[in-house]
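The structure appears right after this line, and notes come after that.
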Amino acid sequence: MWLWAEKPKSVLRLSQGHLSLLEYCPRRYQHTILQSLSVPPSPDLLAAQQWGDRFHLLMQQREMGLPIDPVLSADQELQTCLQQLKAAAPQLFDTTGETFRQSEHERSLVFQNYWLTGVYDLLRLWPKQAEIVDWKTYLQPRSFQRLRQEWQTRLYLYMLAETTAYKPETITMVYWFVRAQEPQSQTPTPQQVRIPYSAAVHHRTQQDLARLTQQLTSFLATGEPFPQISVGSDKCHDCPFAVRCQRSFARDTAIADLPGLDEIVEVPI
């Protein structure tokens, strides 16, 4: 099974976060990715990100067979979420019949002279099917419709189909919202969203990847600032670069209220 290759020289890396930003606003992609400009996240967002990091590390340590009791004893919420996940989805921890299982699995693919990359929280393979598992630590689960359109879903499924012998129809991506809560009890109640795949969706993703990478190549070739989105777009009101882009109607509180990039995607840039 093809897993990883050395990155070609002079090839620009594109993660699902990069693709999301590029499609969302080319100018913001330029500021954030190419110019490395950013703003600090709010304290609440930072705390949520740190908790998410701890959960991902916990699950990685568990998959590697490392002791996790010291971690759990120091964080009651982590312990409760893991217990609830085990109770709600015992199949996640059943390795019967698996031919491959790996946490924090890295995968990459060269596409149109770009280096597509992704890190799967958990990859599970059987002889005739494959499953990508992603841990989400948002308090509010996202809908099937939204997740199906996000670049994390599209890129991860596409890369697995392109780099293995699995047909698209045999691949599934499963999101587990491990921190979701019941409105009344406020107790963690893990919820899953399963995204099936198909040859038709695979073809559409390839077309959209071609479109975005061709656009990026054109933007880079000009040496000029990347295009801005239309004047009056709601996206500018919550953007920290609104003033830099001379969008004077931006709210004064934009920086304080701005969602971090981690809310668009959940992988480091």
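Position 1 is the first residue of the sequence, and the numbers go up from there.
At a threshold of 4.5 Å between non-hydrogen side-chain atoms, the residues Val133 and Trp176 count as touching. Taking the side chain as every heavy atom from C-beta outward, Arg62 and Leu58 never approach each other to under 4.5 Å. Between Tyr114 and Leu216, the closest side-chain pair of non-hydrogen atoms falls below 4.5 Å. At least one side-chain heavy atom of Arg244 sits less than 4.5 Å from a side-chain heavy atom of His31. For the pair Leu122 and Arg101, the minimum side-chain heavy-atom distance is below 4.5 Å. You'll find the side chain of Ser103 stays beyond 4.5 Å of the side chain of Met64, heavy atoms only. Looking only at side-chain heavy atoms (C-beta outward), Val110 and Trp115 come within less than 4.5 Å of each other. Using a 4.5 Å heavy-atom cutoff, the side chains of Phe177 and Arg179 are not in contact.
For the residue pair Gln191 / Lys136, no side-chain donor-acceptor distance below 3.5 Å is found, with atom types taken as modelled. Looking at Thr153 and Tyr175, their side chains do bring a donor and an acceptor atom within 3.5 Å of each other. Side-chain contact annotation: Gln206 with Tyr158, donor-acceptor N/O pair under 3.5 Å present. Side chains of Thr80 and Gln76: a donor on one and an acceptor on the other come within 3.5 Å. Thr117 and Arg107 form no side-chain donor-acceptor contact under 3.5 Å, judged by distance and modelled atom types alone. Judged purely by distance below 3.5 Å, without hydrogens or angles, the side chains of Glu104 and His56 never pair a donor atom with an acceptor atom. Inspection of the Asp44 and Ser42 side chains reveals no N or O donor paired with an N or O acceptor under 3.5 Å.
A centroid separation of less than 6.0 Å is found between the aromatic rings of His105 and Phe100.
For the pair Lys235 (side chain) and Tyr24 (backbone), a donor-acceptor distance under 3.5 Å is present. Looking at Ser233, its side chain never comes within 3.5 Å of a backbone N or O of Ser230 through a donor-acceptor pair. Between the side chain of Tyr197 and the backbone N or O of Lys167, no donor-acceptor pair lies under 3.5 Å. A donor-acceptor contact shorter than 3.5 Å links the side chain of Ser198 to the backbone of Val201. Panel note: side chain His18, backbone Arg13; a donor-acceptor pair is recorded below 3.5 Å.
Transitive grouping of hydrophobic side chains (ILVMFWY, heavy atoms separated by less than 4.5 Å) keeps Ile229 and Ile33 in distinct clusters. Side-chain heavy atoms closer than 4.5 Å link hydrophobic residues (I, L, V, M, F, W, Y) into clusters, and following such links, possibly through other members, connects Met173 to Tyr166. Cluster annotation: Met59 is connected to Trp51 through the hydrophobic network of ILVMFWY side chains, with a link wherever side-chain heavy atoms come within less than 4.5 Å. Cluster membership check: Leu139 does not share its hydrophobic cluster with Leu45, using side-chain heavy-atom separations under 4.5 Å among Ile, Leu, Val, Met, Phe, Trp and Tyr. Transitive grouping of hydrophobic side chains (ILVMFWY, heavy atoms separated by less than 4.5 Å) brings Phe111 and Trp151 into a common cluster.
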Derivation and outcome, side-chain contact (heavy atoms from CB on, under 4.5 Å), residues Cys239 and Arg28
CA-CA 8 Å; Cys239 181; Arg28 184 165 174 175; 4.0 Å; yes

Please determine whether side-chain contact (heavy atoms from CB on, under 4.5 Å) holds for the pair Thr189 and Gln181, giving the CA-CA distance in whole Å, both sets of side-chain angles, and the decisive distance to 0.1 Å.
CA-CA 5 Å; Thr189 307; Gln181 297 180 348; over 6 Å; no

Take Glu131 and Arg194 through the test salt bridge (Lys or Arg N to Asp or Glu O under 4.0 Å) and record every step on the way to the result.
CA-CA 10 Å; Glu131 182 177 274; Arg194 301 184 66 87; 3.2 Å; yes

Stepwise side-chain contact (heavy atoms from CB on, under 4.5 Å) test for Leu155 and Met159
CA-CA 6 Å; Leu155 182 64; Met159 286 200 303; 4.0 Å; yes

Using the side-chain contact (heavy atoms from CB on, under 4.5 Å) rule, take Phe55 and Val178 through it: C-alpha gap first, then chi angles, then the decisive distance, then the call.
CA-CA 9 Å; Phe55 184 86; Val178 300; 3.7 Å; yes

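Annotation: the span from Ile171 atom CD1 to Leu160 atom CG amounts to 4.5 Å, rounded to 0.5 Å. Atoms CD and CG, from Gln152 and Leu19 in turn, are 11.5 Å apart once rounded to the nearest 0.5 Å. The distance from atom CG of Leu12 to atom CD of Gln112, rounded to the nearest 0.5 Å, is 13.5 Å. Note: Leu212 CG to Gln207 CD = 12.5 Å, rounded to the nearest 0.5 Å. Separating the CZ atom in Phe241 from the OG1 atom in Thr32 is a distance of 4.0 Å, to the nearest 0.5 Å. Leu92 contributes atom CG, which lies 5.0 Å from atom CH2 of Trp135 (distance to the nearest 0.5 angstrom).
Taking the six-membered ring where the residue is Trp, Phe226 and Tyr29 present parallel rings, their angle staying beneath 30° rather than reaching 60°.
Salt-bridge formation is not detected for the pair Glu77/Arg54: no Lys NZ or Arg NE/NH1/NH2 atom is positioned less than 4.0 Å from an Asp or Glu carboxylate oxygen.
The nearest pair of heavy atoms linking Leu78 to Asp75 is N-OD1, 3.0 Å. Contact record, Pro67 with Gln61: O-NE2, 3.5 Å, taken as the closest heavy-atom pair. Between Gly97 and Pro127, the closest heavy-atom pair is O-CD, 3.7 Å. Among all heavy-atom pairs drawn from Ser73 and Gln79, the shortest one is N-NE2, 4.3 Å. The heavy-atom pair separating Pro227 from Phe219 by the smallest distance is CG-CE2, 3.4 Å. Here the closest non-hydrogen pair linking Pro240 and Val39 is CB-CG1, 3.7 Å.
Screening Thr172, Leu157, Ile195 against Ile132 for a side chain to side chain contact (heavy atoms under 4.5 Å, CB included) leaves a single residue, Leu157. When each of Arg146, Arg154, Arg148 is tested with Glu150 by the rule salt bridge (charged side-chain N to carboxylate O under 4.0 Å, His left out), just one qualifies, namely Arg146.
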